[in-house]
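A short write-up of the structure that comes next.
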2 protein chains.
Amino acid sequence: MTAAANQSGRRPTTSRRLERAGIRDVAAAAGVSITTVSDALNGKGRLPDETRSRVREVAERLGYRPSAAARTLRTGRSGLIGLTVTTYGEEPFTFTEFAYFAEMARAATSAALGRGYALVVLPASSRHDVWGNIALDGTVVIDPPDQDPLVSELYRSGVPVVSDGKPGNCPVTAWVDNDHEAAVLGILDHLSEAGARRIGLLTGTSTDTYTRLSTEAYLGWCAKVGQEPVYEAYPAHDPAAGAVAADRLLARPDRPDAVYGLFDPNGTDLLAAARRYGLRVPDDLLLVCCSESDVYAATEPPITTLSLKPRRIGTTVVNLLIDAIEGVDSGTGVDIARLFPPRFRTAGTGPPPGTLMPTELIVRASSQRRSPRTTVSPPRPPGEV
Amino acid sequence: MTAAANQSGRRPTTSRRLERAGIRDVAAAAGVSITTVSDALNGKGRLPDETRSRVREVAERLGYRPSAAARTLRTGRSGLIGLTVTTYGEEPFTFTEFAYFAEMARAATSAALGRGYALVVLPASSRHDVWGNIALDGTVVIDPPDQDPLVSELYRSGVPVVSDGKPGNCPVTAWVDNDHEAAVLGILDHLSEAGARRIGLLTGTSTDTYTRLSTEAYLGWCAKVGQEPVYEAYPAHDPAAGAVAADRLLARPDRPDAVYGLFDPNGTDLLAAARRYGLRVPDDLLLVCCSESDVYAATEPPITTLSLKPRRIGTTVVNLLIDAIEGVDSGTGVDIARLFPPRFRTAGTGPPPGTLMPTELIVRASSQRRSPRTTVSPPRPPGEV
DNA sequence: CACTAGCGGAGAAACGTATCTTCGAGTGCC
DNA sequence: GGCACTCGAAGATACGTTTCTCCGCTAGTG
């Protein structure tokens, strides 16, 4: 192969670098043009199979790997999806703090990979140093607070955004959430039927959708049935505060005879607090908490939990986002969709489309007065996927 | 501003697209050249502060965001680090399966973000569809199996690779691991001192470093002290198999009077199995397991755990990787380092540099015969960061 | 035989940035 | 007054693809 075989000849032959083979090298080695190589590898042009396979073979032999950066620059697609993860305080993230986020992120990653996308974990804080340096095709936002500036900016800059959790006051492409109101009402009814007279709530102080909707549903229910609300709120991200709040709740003069805890560790904390006060569960105190952890199947007694089905949510969020990404033909033309980001082609300025996913109440001994108390913990349920 | 102000004039004025402002638009609006804009924003050239601030102001006004793809193509750096996550079977990932991985990934993410990098979650399976489409500056590999083809290919293609877990037989830039042998020996000694006569092991069937080194250390210890090995192995990724294996171990005729379980759920499973066989812990059976979960502080009795300190590991792995990335000047020149990937500039072909991190044994009631048995679970330890 | 269709493929223009090189204008110095 | 030197900034090129446009050729068709 002579130096003249170097297609387009722009590269100076003097300092011919010994780096990774580019598409030009493949073209030269196969004796075809760059166009043909690109078409052959991407299955795009009209080429006889013989040329296709020959080019592919040469590319394989040279160990050719197309440059993702160049492809992204040219096509405008990176195959990357941002996963925004709430960051409490300084460094640490929710991400894996609660089983819900962990499962959700796992399902989202899996769904994205299945469709050829990869997830980039990014902090919800507006550190533009990192955000600005990454070409994202879209973003999944977990439970954005009201008026999230990050979401607003992303949306404004044309990046599709799908949120887990109904967004408070910021525009998104779409959102997915559980029907938190129905879930809470279902639990309260369940506890009432089990004989609860005064149901307490362990809730959080933050303004995310989950906490807000759940608390409002509880207060509404109290107003409806004429019960005085009995609740304690604490910063959910503080692992120590939960135990204190559980203790406070059971120490109140108007002590509830049933409690629903909104957060994962509440079951353990409430159980411990009940022991300290000599309360038997479920005889003196009915217990339910929202959790994805299966440790509550093995506690003494096993605790009834509400599962938000995070896997379903994560999968749905990602699929919705990728649908939006691939629906936008961000290629040629005037592309009005860039100025008025896609709302699934819904005309007008209606609210973004939302999807409500069902929850599941896993009833165990802690919320049943006349349950057959199983001293031996039941066999581990088959790991549902 | 006239159409002629369009610098370089390559863009056809007829279909002047209304898309995001590029560096050219900023240059035109500020009345300077592209070079000046680039230098002003990146703080690179020699410019008076007045020009700098003016350009920055114009860029801000136009909402200019540099294209990450173009920057990556030009500089060769994407700011992206791959996080390889083992995938058992089909879709699901370890990722968050065990608390160890979750904590490790969280710390790694945080450390990367702190240095201006973001993590991309990628499967360990060789699905090139995804891997090839992403420009990575480096990769973190969690516990690669022997002869991992993925690691080999990454390394060969010049991407720095740092592994969590000493790599069996594939070249990496660097690796970080716990001193598993010392940890296991420490536990066995600890159990011996507590009065154990026959110590059993609950181990895994996979070939990862952790399982292998730990099992070998156990067998070596048995040979040294003259105890017949008593162990059961099971596929660690199968949540149901652990309980069965725990049961098998305690059902053996040569039942051990102390057990160390290598995996997170083993403590719960062993405790349940012990109950089924009427064995009291720690009186009839001493128990230790490797876990990062603090649920073992609240079990009945609390269980002694070995912590691998995943946060430290994750932070170290990422810092090592970024050091390697930024140490390589993959810019101009012949760049021999591309052909012989960096080993921290260590001459010759010695083994890649490894770092051993200490573990921590958290001693609780389950491994102490004469412990003051605390019926009431102790207060939750302050969440160590 | 002339004309059209379709096939196989080449050329070159982007994509948007960073950076190397060059270049003019001012300034102090001998 | 010429010369070297620095400052400030512009020009041009390269990064490695994808893709739009176009061209030659062959075979079928009237």
Side-chain angles (χ1 to χ4, degrees), chain A residues 6-12 15-17 19-28 30-52 54-55 59 64-79 132-133 135 329-333, chain B residues 5-12 15-17 19-28 30-52 54-55 59 64-79 132-133 135 330-333:
Chain A
N6 195 334
Q7 202 104 5
S8 93
R10 290 196 305 182
R11 188 183 284 183
S15 73
R16 184 173 179 84
R17 311 242 279 278
E19 307 206 352
R20 267 179 25 191
I23 197 175
R24 275 190 295 267
D25 304 309
V26 177
V32 294
S33 74
I34 295 179
T35 307
T36 304
V37 174
S38 177
D39 285 347
L41 295 181
N42 297 337
K44 281 224 166 173
R46 314 166 298 183
L47 301 178
D49 289 344
E50 189 270 330
T51 305
R52 274 219 156 73
R54 183 164 48 92
V55 169
Y64 168 68
R65 297 268 175 268
S67 152
R71 169 175 293 167
T72 298
L73 177 61
R74 184 62 233 249
T75 62
R77 291 259 168 78
S78 65
N133 260 335
D329 60 330
S330 63
T332 59
Chain B
N6 195 333
Q7 201 104 9
S8 93
R10 290 196 302 183
R11 187 184 287 184
S15 73
R16 184 174 179 83
R17 311 244 279 278
E19 304 206 353
R20 266 177 29 189
I23 197 175
R24 276 191 294 265
D25 304 309
V26 178
V32 294
S33 73
I34 295 180
T35 308
T36 305
V37 175
S38 177
D39 286 347
L41 296 181
N42 296 337
K44 282 223 166 174
R46 315 168 298 184
L47 301 178
D49 289 345
E50 189 271 330
T51 305
R52 276 222 155 68
R54 183 163 49 90
V55 169
Y64 168 69
R65 296 271 174 267
S67 152
R71 171 175 291 168
T72 298
L73 178 60
R74 183 63 234 250
T75 62
R77 290 258 169 79
S78 65
N133 260 334
S330 63
T332 59

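Model, not experiment: these values are computed from the prediction.
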> A:Asp39 has an atom CG; how far is it from atom P of C:dG9, in whole Å?
Replying inline: 10 Å
> Any side-chain N or O of A:Thr51 under 4.0 Å from OP1/OP2 of C:dG9?
Replying inline: yes
> What is the distance from atom OG1 of B:Thr72 to atom CG of A:Leu73, rounded to the nearest 0.5 Å?
Replying inline: 9.5 Å
> Quick one: which of D:dA10, C:dG9, D:dT17 gets closest to the side chain of A:Arg71?
Replying inline: D:dT17
> Side chains of B:Ser33 and B:Thr36: do they bring a donor and an acceptor to under 3.5 Å?
Replying inline: yes
> What is the distance, rounded to the nearest whole Å, between atom CZ of B:Arg52 and atom C1' of D:dA9?
Replying inline: 12 Å
>> Of the options D:dA9, C:dA10, C:dG9, whose atoms approach the side-chain atoms of A:Ser33 most closely?
In response: C:dA10
> Of the candidate nucleotides D:dT19, C:dG16, C:dT19, which contains the atom at the shortest distance from the side chain of B:Ala70?
Replying inline: C:dG16
> To the nearest angstrom, how far is B:Asn133 atom CG from D:dG16 atom P?
Replying inline: 17 Å
>> Nearest to the B:Arg74 side chain among D:dT19, C:dG9, C:dT17, which nucleotide is it?
In response: C:dT17
> Of B:Leu73 and B:Lys44, whose closest DNA chain C nucleotide lies nearer the 5' terminus?
Replying inline: B:Leu73
> So which nucleotide from D:dA9, C:dT17, D:dT17 ends up closest to the side chain of A:Pro66?
Replying inline: D:dT17
>> When you measure from the side chain of A:Arg20 to the backbone of A:Arg65, do you find a donor-acceptor pair of N or O atoms at a distance under 3.5 Å?
In response: yes
> Atom CG of B:Leu41 and atom P of C:dA18: how far apart are they, to the nearest Å?
Replying inline: 8 Å
> Nearest to the side chain of B:Ser38 - D:dT19, C:dT17, C:dT19?
Replying inline: C:dT19
> Are the side chain of B:Arg54 and the backbone of B:Ala30 linked by a donor-acceptor contact shorter than 3.5 Å?
Replying inline: yes
> C:dT21 P sits how many Å from B:Arg46 CZ, rounded?
Replying inline: 14 Å
>> So which atom in A:Arg52 and which in A:Leu47 form the shortest heavy-atom distance, rounded to 0.1 Å?
In response: NH1-O, 3.2 Å
>> Rounded to whole Å, please give me the gap between CG in B:Asn42 and P in C:dT19.
In response: 7 Å
> Can you check whether A:Thr36 has a side-chain N or O nearer than 4.0 Å to OP1 or OP2 of C:dA10?
Replying inline: yes
>> Distance check needed: C:dG11 P versus A:Ile23 CD1, whole Å only.
In response: 14 Å
> Between D:dA10, C:dT19, C:dG16, which nucleotide gets closest to the side-chain atoms of B:Ser67?
Replying inline: C:dG16
>> Nearest whole Å is fine: how far is C:dG16 P from B:Ile34 CD1?
In response: 11 Å
>> I want to check one thing: is the phosphate of C:dT17, taken as OP1 and OP2, less than 4.0 Å away from some side-chain N or O of B:Thr72?
In response: no
>> By nearest atom, which of the nucleotides C:dG16, C:dA10, C:dT19 is closest to the B:Arg24 side chain?
In response: C:dG16
